[in-house]
Amino acid sequence: MRGEIVIVGGGAGGLELASKLGRKLGPARVMLVDSRLTHIWKPSLHEVAAGTLDAHQEGLSYQMLAHDNGFTFVYGALTALDTQTRKLSVSPVLTPDGEQILPERVVEFASLVIAVGSTSNYFGVPGAQEHTISLNATEDAERFRLSLLKQLAQADAARGAGADAHVNVVIIGGGATGVELAAELYEASSVYASYGFANLRPERDVRITLLEGAPRILAPLPERVAAAAHKLLTERGVTVVTECRVTSIEAQRVTDSKGVQYPASLCVWAAGIRAPAFLGQLGLPTNKGGQIEVDGMLRVKGFTDIYALGDCAANIGPDGKQVPPRAQAAHQQADYLRKRLLRIATRKSPGEAPYVYLDYGSLVSFGHRNSVGSLMGSLKGLNFFVDGLFARMMYASLHLMHHAAVLGALKTGVLAVARFLIKRSSPLVKLH
Ligand SMILES: Cc1cc2nc3c(=O)[nH]c(=O)nc-3n(C[C@H](O)[C@H](O)[C@H](O)COP(=O)(O)OP(=O)(O)OC[C@H]3O[C@@H](n4cnc5c(N)ncnc54)[C@H](O)[C@@H]3O)c2cc1C
């Protein structure tokens with residue numbers, strides 16, 4: 001198999017790049033490799049975990065996107081790379097019983113873009129990997145949702161039998177992922193209770209605790225946003241503990257450095273990310289967090305036609321700061337590489353202008369009617385605090401903008417209307 005431009009990883013950045021290049025260059029020249037068959041925009045995984053977004057309805061088929069946008073889709077995981085012969089290996093695809101559906105394949109490339117995202121960084125905390133769920137992928141969010149549903153049903157049955165029962169959710173990490181999940185879970189628990197859990201009183205029976213090591217939650221965001229988020233969480237009955245360094249995690253309990261123990265029937269790790277470990281075996285330069293080191297033009301250091309973008313890339317900006325692992329950055333980098341690779345494909349000079357990250361602000365979702373955040377003004381250093389329904393609408397528009405980039409404006413509009421109508425004729429949370 002051969003692709004002139006091969007993109008590995010069809011997430012927030014890679015899929016936008018493949019779709020936009022595919023529309024210009026076509027399937028003979030653009031190829032996308034992904035280890036999954038469907039795409040979900042990663043920032044919505046907390047909604048999948050809480051059950052307020054149905055992964056089966058939300059997931060976009062890569063085969064459909066390839067057909068509609070004009071790229072070739074290869075299903076399987078990148079496992080090895082030979083930079084000399086410009087070939088990469090894609091893993092075989094097996095059924096859950098181990099039967100082979102697709103064999104291992106070798107893909108030749110002229111230009112390669114690695115966009116495989118990130119995974120959890122457990123910082124060596126004992127028990128973290130074994131006893132927590134992270135929101136790295138749809139499977140993780142679904143595992144959390146099913147576990148939550150089971151525990152809600154068990155608590156409801158126990159309450160019905162007169163016993164004292166709680167669902168204790170502990171979220172470790174007070175960044176955007178942890179805060180959004182806590183808020184979404186609060187909203188979802190009362191919805192679940194209204195669907196047949198007659199004995200469950202969420203405000204009494206579902207306890208959500210958010211543990212953060214720093215002096216405040218949402219540490220990279222402006223203080224006003226963090227304070228507003230803290231207030232909204234505590235108003236919703238979420239226990240927020242700051243300056244809490246988790247030292248060990250067991251099956252039903254989290255312990256911090258002061259010896260405080262938090263009961264945890266369901267524990268989420270949202271305390272840090274790192275690049276997937278296999279990147280360290282590809283023969284490319286990586287930093288301490290396993291991210292691939294790239295230059296200002298997103299070229300992997302030491303190579304001219306291998307690029308990396310998004311969470312898996314260590315890109316130091318002209319200001320000396322590393323570009324943060326955010327969907328906003330992945331989107332901008334995809335757009336930068338789209339222009340660069342199109343110029344190369346049409347035999348024009350790509351130029352030497354580096355990619356420069358532009359921070360347009362951050363929005364943190366608080367369920368389906370509220371968000372808080374800050375938007376950057378066009379003047380440097382100026383930012384505006386936003387909250388309420390307006391902020392929520394802006395947050396939703398980011399998801400729609402990603403859909404528009406990969407589906408086109410018309411299909412995004414049709415899908416948005418269809419989903420609005422489906423929501424009115426189906427339960428507000430996924431119950432199966
Ligand atoms: C719950 C949650 C909320 C978030 N909220 C926000 C937010 O509000 N704003 C924001 O800016 N950011 C947010 N983020 C961060 C944001 O999701 C990421 O920064 C962004 O998705 C990174 O994009 P990416 O393209 O680098 O990787 P991803 O979007 O993670 O995509 C990686 C892709 O690579 C594929 N892949 C992985 N390994 C392989 C392999 N070996 N071979 C082939 N394919 C592979 C995966 O299947 C996936 O499709 C949030 C993240 C989470 C988890």
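Atoms within each ligand, like the ligands themselves, are counted from 1 in listed order. All values derive from a computational prediction rather than experimental measurement.
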Problem - Cation-pi geometry met for Arg224 and Phe385 (6.0 Å, 45°) - result: yes

Problem - atom 48 (C) of ligand 1: nearest protein contact (heavy atom, Å) - result: Asp34 OD2, 3.5 Å

Completion exercise
heavy-atom search around atom 45 (C) of ligand 1 in the protein gives Ser35 OG, 3.5 Å

Practice task
Scan the protein's non-hydrogen atoms and note whether one is under 4.0 Å from atom 9 (N) of ligand 1.
Solution key: no

Handout entry: Closest protein heavy atom to atom 2 (C) of ligand 1, given as residue, atom name and distance to 0.1 Å
Key = Thr177 OG1, 3.5 Å

Practice task
Using distance alone, decide if ligand 1 has a nitrogen or oxygen within less than 3.5 Å of any nitrogen or oxygen in Leu309.
Solution key: no

Exercise for the section: Keeping the roles fixed (side chain from Ser91, backbone from Ala77), state whether a donor-acceptor pair exists under 3.5 Å. Expected result: yes

Exercise for the section: Check whether any N or O atom of Pro325, backbone or side chain, sits under 3.5 Å from an N or O atom of ligand 1, and answer yes or no. Expected result: yes

Handout entry: Distance-only N or O hit between ligand 1 and Ala12, under 3.5 Å
Key = yes

Exercise for the section: Look at ligand 1 and say whether Gly10 reaches it with a heavy atom at a distance under 4.0 Å. Expected result: yes

Problem - From CA spacing to verdict: salt bridge (Lys or Arg N to Asp or Glu O under 4.0 Å), Glu58, Arg419 - result: CA-CA 9 Å; Glu58 176 67 17; Arg419 286 189 178 156; 2.8 Å; yes

Practice task
Measure centre to centre between the rings of His402 and His39, then say whether the value is under 6.0 Å.
Solution key: yes

